[in-house]
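Down below is the structure, laid out as structure tokens.
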Number of protein chains: 2
Amino acid sequence: MKQDSRLARMIHVLIHMALLGGRETSETIAKMLNTNPVVVRRTMGALKRKGVVGSEGGRGGGWALLRPLDQLTVLDVQRALDDGQVLTAGVSEDHPTCPVERAANAALVGAFEQAERTLLREFADLRLSTIAEGAMKDLPGSPIQTAHGDHHA
Amino acid sequence: MKQDSRLARMIHVLIHMALLGGRETSETIAKMLNTNPVVVRRTMGALKRKGVVGSEGGRGGGWALLRPLDQLTVLDVQRALDDGQVLTAGVSEDHPTCPVERAANAALVGAFEQAERTLLREFADLRLSTIAEGAMKDLPGSPIQTAHGDHHA
DNA sequence: GAAGTGCGTAACATTAATTGTTACGCTAAG
DNA sequence: CTTAGCGTAACAATTAATGTTACGCACTTC
């Protein structure tokens, strides 16, 4: 499949919006995301419904953050984009009445539910302000940052 | 996307093979999975390369388990099917040099790595023999089993 | 109040991954 | 040497995410 990158993109954009401070049009945001204004409206529309951003039409309009970054977690953004499960188990549906198939599926679903709990806990702990601070350290002149630098494992 | 159900299918099949005890042809297995012998060969081929099953050509040939179910974990099967990550973060690649994008991606990758660690731990703890026992309880006459019955959360 | 700017959304095209299908080669048993 | 069965390449079908075009509606400004 083609990977779903909406969460990453929205986090990216929301931080930029906070840094810029004002109102951004779908076209401006589309350039940040190297895409199309329609895609931006689609995705930002979901954030609007959950009160993360607001939009204004007409001249001078655009999108604006409704909360400061330190009151926004990755979980908030994820939940705005999708209420359902983040991880899904990839079960089989070849013989839905077969006890073996059902037991296999149930086992996998259980394992993924555990993993999802971990993921959501991580998401809830990740404030966008923290990510923004991390970005400041990764500027020309600083040593290269890997993606694995700061776990709290 | 279409979900990858190879893991669920292989667990399903391996348990059936153990219960049947002998050698099964790709065609027999295909019927269990409600699919095609070629699909079976493709997927079982991966298990063969990792020593989980063996295959024999010619008359009387087919596939056979090389290990008892209590010495096979879901993790073994997953690893046979795919050496890489089970969970992937869905990062954005719109402006690879943008520090904000990189920080956002890194944060997500970190969170998914945590979740993957949980998932692999669950997989490692799940023996196929345990799943097989669970299937025995889910037979006509028994009360209906939900998919959420037996976590150790 | 007319025009321009910008969001909202439907409809369709594109891209990618999984799965299904057909065809053919090779091996081992009988 | 015929049959049963695996091994694999090649192609079609299905599905999900993303990209794109087109058009409607609201608000601002002149």
Side-chain angles (χ1 to χ4, degrees), chain A residues 1-10 12-13 17 22-49 52-66 78 81-82 84-94, chain B residues 1-10 12-13 17 22-49 52-66 78 81-82 84-94:
Chain A
M1 114 193 63
K2 190 182 280 186
Q3 275 262 35
D4 183 346
S5 63
R6 285 176 305 164
L7 179 59
R9 285 177 139 183
M10 286 303 101
H12 179 189
V13 156
M17 288 173 66
R23 210 183 284 284
E24 310 298 325
T25 70
S26 298
E27 182 137 355
T28 307
I29 296 174
K31 277 172 193 154
M32 292 182 201
L33 296 181
N34 213 32
T35 182
N36 203 292
V38 178
V39 176
V40 173
R41 291 189 192 115
R42 260 205 298 248
T43 317
M44 293 289 282
L47 300 188
K48 181 184 178 183
R49 262 168 254 133
V52 174
V53 299
S55 67
E56 298 262 334
R59 201 188 194 89
W63 302 88
L65 260 174
L66 297 183
Q78 168 64 41
L81 291 176
D82 190 350
Q85 291 186 282
V86 184
L87 306 179
T88 52
V91 300
S92 61
E93 301 180 326
D94 304 314
Chain B
M1 120 195 68
K2 189 182 282 185
Q3 274 262 38
D4 183 345
S5 61
R6 285 176 304 166
L7 179 58
R9 286 178 139 184
M10 287 303 101
H12 178 189
V13 156
M17 288 174 66
R23 209 182 286 282
E24 309 298 324
T25 70
S26 299
E27 182 136 356
T28 307
I29 297 175
K31 277 170 194 153
M32 293 182 200
L33 295 181
N34 212 32
T35 182
N36 204 292
V38 178
V39 175
V40 173
R41 291 190 191 115
R42 262 206 297 251
T43 317
M44 294 287 284
L47 299 188
K48 180 184 178 183
R49 263 168 253 131
V52 175
V53 299
S55 67
E56 298 262 334
R59 204 185 192 91
W63 302 89
L65 261 175
L66 297 182
Q78 167 64 41
L81 291 176
D82 188 351
Q85 290 186 283
V86 185
L87 306 179
T88 53
V91 300
S92 61
E93 300 180 329
D94 305 312

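These values consider heavy atoms only, across backbone and side chains, with no hydrogens, waters or symmetry-generated copies. So that the names make sense, note that chain A is the first sequence line, chain B the second, and so on, each numbered from 1. If you're wondering where the values come from, they're calculated on a predicted model, not measured in any experiment.
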Within the structure, does a side-chain N or O atom of A/Arg9 lie under 4.0 Å from either OP1 or OP2 of D/dG19?
yes
Ignoring backbone atoms, test whether B/Lys48 places a side-chain nitrogen or oxygen under 4.0 Å from the OP1 or OP2 oxygen of D/dG7.
yes
Without swapping roles, check the side chain of B/Thr35 against the backbone of B/Lys31 for a donor-acceptor pair under 3.5 Å.
no
Is any side-chain N or O of A/Arg42 under 3.5 Å from a base N or O of D/dG19, one able to act as donor and the other as acceptor?
yes
Within this structure, what is the CE-to-C1' distance between B/Met10 and C/dT18, rounded to whole angstrom?
14 Å
Assign each of B/Ser26 and A/Arg41 to its nearest nucleotide of DNA chain D by heavy atoms, then name whichever residue's nucleotide is nearer the 5' end.
B/Ser26
A/Arg23 CZ - C/dG6 C1' separation (whole Å)
11 Å
Below 4.0 angstrom from OP1 or OP2 of D/dT18, is there any side-chain N or O of A/Thr35?
no
B/Arg6 has its side chain closest, among C/dG20, C/dC7, C/dT19, to C/dT19
Mind checking A/Glu56 for me? I need base, sugar-phosphate or nothing, with any heavy atom below 4.0 Å counting as a touch.
sugar-phosphate
Rounding to an integer number of Å, can you tell me how far A/Glu24 CD sits from C/dC7 P?
10 Å
Can you tell me which nucleotide in C/dT22, D/dT28, C/dG8 comes closest to the side chain of A/Arg59?
D/dT28
If we ignore hydrogens and angles and just use 3.5 Å, is the side chain of A/Thr28 paired with the main-chain N or O of A/Glu24 as donor and acceptor?
no
Rounded to whole angstrom units, what separation is found between the CG atom of B/Leu47 and the P atom of D/dG7?
12 Å
Any idea which of C/dC7, C/dA23, C/dT5 is nearest the A/Thr25 side chain?
C/dC7
Would you indicate which nucleotide in C/dC7, D/dC6, C/dT22 comes nearest to any side-chain atom of A/Trp63?
C/dC7
Checking all strands, does B/Gly62 fall into the base, sugar-phosphate, or nothing category for heavy-atom contacts under 4.0 angstrom?
sugar-phosphate
Flag, side chain of B/Arg41 to backbone of B/Ser26, donor-acceptor distance under 3.5 Å:
no
For D/dT18, take OP1 and OP2 only and decide whether either is under 4.0 Å from a side-chain N or O of A/Ser5.
yes
Residue pair A/Thr25 / A/Trp63, side-chain donor-acceptor N/O under 3.5 Å
no
Write down the distance between CD1 (B/Ile29) and P (D/dG7), rounded to a whole number of angstrom.
11 Å
For B/Leu33, is there any backbone N or O sitting under 3.5 Å from a side-chain donor or acceptor partner on B/Arg9?
yes
Protein-nucleotide distance (B/Asn34, atom CG; C/dT21, atom P), rounded to Å
10 Å
Taking atom P of C/dT21 as reference, at what distance in whole Å does atom CG of B/Leu33 sit?
13 Å
To the nearest Å, give me how far apart CE (A/Met44) and C1' (C/dT9) are.
17 Å
B/Leu65 side, atom CG; B/Leu47 side, atom CG - distance, nearest 0.5 Å:
9.0 Å
Nucleotide of C/dG8, D/dT20, D/dT3 approaching A/Asn36 most closely (side-chain heavy atoms)
D/dT20
